[in-house]
Amino acid sequence: MSQIVVNAEKIISAPAEQVTRALADYEAVRPRILPEQFSEYRVENGGHGAGTVVHWRFAATSKRVRDQLVDVTEPALGTLVETDRNSSMVTTWTVLAEGTGGSTVKVRTTWDGAGGIGGFFERTFAPKGLGRVYVDLLHRLDAELAAV
């Protein structure tokens, strides 16, 4: 087994505080910006930042669907960590202020990949696929905040 890592980032045309608030809003903002690969989304507990527990199903492909129950923590200002109870997947969102009044949002997901031939295909294709989903989500976040 090896660890799989997916990274994506985008400059968002909104201040870091506003971006962080939006990302931490699992009740209203997150459901609006999630791409079609996410379904059965529901907040189990909380809804804003640390202490939130949220559920969704993520369809990496039509045959590869993960049922995720995610605990949210905020270890530092501008950082959200989503830890899946059902797997080794951990996603970290980091928001950094830019001098122009905008922000850079970085997302990093890691998980323990499968072994064997299945693991080879997972290591080869999963990072690109998930990376595309994150780019879509970040574009939706930027549009959401531009509309405010």
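Panel note: side chain T52, backbone H48; a donor-acceptor pair is recorded below 3.5 Å. Remark: side-chain polar atoms of E74 are paired, donor with acceptor, to backbone N or O of A50 under 3.5 angstrom. Not a single donor-acceptor pair under 3.5 Å links the side chain of D84 to the backbone N or O of M89.
L34 and V6 fall within the same hydrophobic cluster, defined by Ile, Leu, Val, Met, Phe, Trp and Tyr side-chain heavy atoms under 4.5 Å apart, directly or through other members. F38 and V43 fall within the same hydrophobic cluster, where Ile, Leu, Val, Met, Phe, Trp and Tyr residues are linked whenever their side-chain heavy atoms come under 4.5 Å apart, directly or through other members.
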Could you go through residues 139-148 and list every donor-acceptor pair under 3.5 Å that involves a side-chain atom there, pairing it with any protein atom two or more places apart or in another chain?
{"residue": "R140", "atom": "NE", "partner": "D136", "partner atom": "OD1", "Å": "3.0"}
{"residue": "D142", "atom": "OD1", "partner": "S13", "partner atom": "N", "Å": "3.2"}
{"residue": "D142", "atom": "OD1", "partner": "S13", "partner atom": "OG", "Å": "3.2"}
{"residue": "E144", "atom": "OE1", "partner": "R32", "partner atom": "NE", "Å": "3.3"}
{"residue": "E144", "atom": "OE2", "partner": "R32", "partner atom": "NE", "Å": "3.0"}
{"residue": "E144", "atom": "OE2", "partner": "R32", "partner atom": "NH2", "Å": "2.5"}

Ignoring hydrogens and angles, write down the donor-acceptor pairs under 3.5 Å from the side chains of residues 96-103, residues two or more places apart or on other chains.
{"residue": "E98", "atom": "OE2", "partner": "T104", "partner atom": "OG1", "Å": "2.4"}
{"residue": "S103", "atom": "OG", "partner": "A14", "partner atom": "O", "Å": "2.6"}
{"residue": "S103", "atom": "OG", "partner": "A16", "partner atom": "N", "Å": "2.9"}

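Checked against the 6.0 Å centroid threshold, Y26 and W56 do not count as a close aromatic pair.
Of all non-hydrogen atoms in E27 and G46, the two that sit nearest each other are OE2-O, 3.7 Å. The minimum heavy-atom distance between V72 and E82, with the atom names listed, is CG2-CG, 4.3 Å. Nearest heavy atom pair, residue H55 against residue E40, reads ND1-O, 3.0 Å. Residue G49 comes nearest to L80 through the heavy atom pair CA-CD2, 4.4 Å, listed as atom of the first residue, atom of the second, then distance. Between L23 and R30 the shortest heavy-atom distance is O-NE, 3.0 Å. For the pair V135 and A8, the tightest heavy-atom approach, listed with the atom from each and the gap, is CG2-CB, 4.5 Å.
One distance of note links CG of L137 with CD1 of I33; it measures 4.5 Å at 0.5 Å rounding. Considering CZ of R66 and OG of S87, their distance stands at 5.0 Å, rounded to 0.5 Å. The CZ atom of R57 sits 5.5 Å away from the CG atom of D67 when rounded to the nearest 0.5 Å.
Between Q37 and V133, the closest side-chain pair of non-hydrogen atoms falls below 4.5 Å. Within the 4.5 Å cutoff, side-chain heavy atoms of W93 are placed close to those of V105. Side-chain contact between F58 and Y41 is absent, with no heavy atoms from C-beta onward closer than 4.5 Å. For the pair L69/V53, a side-chain contact is recorded, criterion being any heavy-atom separation below 4.5 Å from C-beta on.
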List the steps and the verdict of side-chain contact (heavy atoms from CB on, under 4.5 Å) for T92 and V107. CA-CA 6 Å; T92 303; V107 57; over 6 Å; no
Y134 and R108: side-chain contact (heavy atoms from CB on, under 4.5 Å), yes or no, with the steps? CA-CA 9 Å; Y134 285 145; R108 175 184 174 89; over 6 Å; no
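Tested against T109 for a side-chain contact (heavy atoms from CB on, under 4.5 Å), the candidates I4, T91, V5 yield a single pass: T91.
Around CD of E17, the count of heavy atoms belonging to other residues, nucleotides or ligands within 6.0 Å does not exceed 12. Within a 6.0 Å sphere centred on NZ of K106, other residues, nucleotides and ligands contribute 12 heavy atoms or fewer.
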